[in-house]
2 protein chains.
Amino acid sequence: MGITKTDLFSAEQNEMARILKAMGHPARVAILEYLDSVNACICGDIVSELPLAQPTISQHLRELKNAGLIKGNVEGNTICYCIDETAIGKIREYFAHFKVCDKQGEINWCNVKVK
Amino acid sequence: MGITKTDLFSAEQNEMARILKAMGHPARVAILEYLDSVNACICGDIVSELPLAQPTISQHLRELKNAGLIKGNVEGNTICYCIDETAIGKIREYFAHFKVCDKQGEINWCNVKVK
DNA sequence: TTTTAATATTGCAATATTACGATAAACTTT
DNA sequence: AAAGTTTATCGTAATATTGCAATATTAAAA
């Protein structure tokens, strides 16, 4: 197939998967890190920064934007991109809710009875 | 192509992308949430829990394991899976380092001069 | 030892992703 | 207006992912 059955999962699960999937590529990780370091920049700066062709960068930027991770602002000829901090906040909050069992690894780490 | 040029990026960027990509699917998000809620369980429990066929679940579990997000322990006939908290910690730490510009959106949100 | 149970692997069809050259679109400068 | 600049889109080839039926594997149970 190759098609993800999104209808089988909750809206929250699908949204988190979409956001994380968008970050699931080293080029997009690098773009976000760069945007974080410079606050904001135009597309051309990223093209100069990363060793990928301009259409490839443009495509990655579109995916990041579709997932809500970045925002793009048209300024005349150029487009100024920056991180959408709402998405970063969502990721932080999501992973904050995972339990941390400090007994993990002590006894039989995979013992269901360990609460 | 369809092939990711991992050689162009740092080991850290590739590792983070690998981890996040593994979570970039609603089924794998659901699996992690379930594992978090029950601490640990055998594969069959996940198969019963999720509306996907057993081979599909097995495949998703392998991807989560390859990315370091879960651990699997063979116990006789069954395999007991649980979250590897090291990976969760890595994700938390990674996103904690992103700057949060509280001036975002105030003036021109995409003004590079906003520090 | 045969049967049953749990999980992994294989094989495959459908679809998605990645990367980029070529080109288009839109704005700026000359 | 013409030429240059910046970014997006199109088209395409190579590869990856998703999902599952069928089957293999391994251990437990009968």
Side-chain angles (χ1 to χ4, degrees), chain A residues 1-9 13-14 17-31 35 40-67 70-82 110 112, chain B residues 1-9 13-14 17-31 35 40-67 70-82 110 112:
Chain A
M1 309 219 167
I3 191 166
T4 297
K5 297 191 161 181
T6 53
D7 54 305
L8 299 178
F9 303 97
Q13 290 168 334
N14 280 310
R18 245 170 58 91
I19 293 176
L20 297 174
K21 183 181 184 182
M23 290 215 59
H25 190 288
R28 297 194 287 268
V29 165
I31 289 173
L35 279 179
C41 71
I42 62 172
C43 172
D45 293 339
I46 303 174
V47 173
S48 316
E49 183 73 9
L50 298 193
L52 289 170
Q54 179 268 323
T56 308
I57 299 288
S58 186
Q59 201 172 310
H60 283 308
L61 286 172
R62 185 175 49 192
E63 285 182 52
L64 287 170
K65 199 161 133 222
N66 285 344
I70 64 173
K71 297 186 282 193
N73 206 32
V74 178
E75 292 184 351
N77 209 12
T78 67
I79 297 185
C80 183
Y81 284 104
C82 70
C110 209
V112 185
Chain B
M1 310 223 166
I3 190 165
T4 297
K5 298 191 161 180
T6 53
D7 53 307
L8 300 178
F9 304 98
Q13 289 169 335
N14 280 309
R18 245 170 57 92
I19 293 175
L20 296 174
K21 184 182 184 182
M23 288 215 61
H25 191 288
R28 296 194 288 267
V29 165
I31 289 173
L35 280 179
C41 71
I42 63 172
C43 172
D45 293 339
I46 303 173
V47 173
S48 315
E49 182 73 10
L50 298 193
L52 290 170
Q54 179 267 323
T56 308
I57 300 287
S58 185
Q59 199 171 313
H60 284 308
L61 286 172
R62 185 174 50 190
E63 285 181 54
L64 287 170
K65 199 161 132 220
N66 286 343
I70 64 172
K71 297 186 283 191
N73 207 33
V74 179
E75 292 184 351
N77 210 11
T78 67
I79 297 184
C80 182
Y81 284 105
C82 70
C110 209
V112 186

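Below, chain A is the first sequence line, B the second, and so on; all start at residue 1. Bear in mind the structure is a predicted one, so any value in this text is a computation, not a measurement.
- In terms of heavy atoms, B/C41 sits closest to B/I46 at SG-CG1, 3.6 Å.
- In this structure, A/I57 places its CD1 atom 9 Å from P of C/dA19, rounding to the nearest Å.
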Criterion side chain to side chain contact (heavy atoms under 4.5 Å, CB included) on B/T56 and B/H60, from CA distance to verdict
CA-CA 6 Å; B/T56 308; B/H60 284 308; 3.9 Å; yes

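- Of all non-hydrogen atoms in B/G72 and B/K65, the two that sit nearest each other are N-CD, 4.1 Å.
- Dashed line: the shortest gap from a side-chain N or O of A/R62 to OP1 or OP2 of D/dT9 is under 4.0 Å.
- The side chain of A/Y81 places no N or O atom within less than 4.0 Å of a non-bridging phosphate oxygen (OP1 or OP2) of D/dT6.
- Contacts of B/L8 classified as side-chain contact (heavy atoms from CB on, under 4.5 Å), with partners at least two apart in sequence or in another chain: A/P51, A/L52, B/K5.
- Listed here is the closest heavy atom pair of B/Y81 and B/I70: CD2-CD1, 3.6 Å.
- Per the geometry, CG belonging to A/L61 stands 13 Å off P belonging to C/dA19, to the nearest Å.
- Qualifying side-chain contact (heavy atoms from CB on, under 4.5 Å) partners for A/S58, counting only residues two or more places apart in sequence or in other chains: A/Q54.
- Between A/I70 atom CD1 and D/dT7 atom P the separation is 12 Å, expressed in whole Å.
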Scoring nucleotides 15-22 of chain D by protein non-hydrogen atoms under 4.0 Å (B base, S sugar-phosphate only, - none) yields BSBBBBBB

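- For B/R28 (side chain) and A/A17 (main-chain N/O), no donor-acceptor pair under 3.5 Å exists by modelled atom type.
- Scanning for side-chain contact (heavy atoms from CB on, under 4.5 Å) contacts around B/A30 gives A/F9, A/Q13, B/L50, with sequence neighbours left out.
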Nucleotide by nucleotide, nucleotides 24-30 of chain D touches protein heavy atoms under 4.0 Å in the pattern (B base, S sugar-phosphate only, - none) --BBS--

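- Nucleic acid contact for B/S58: base, since at least one base atom lies under 4.0 Å from a heavy atom of the residue.
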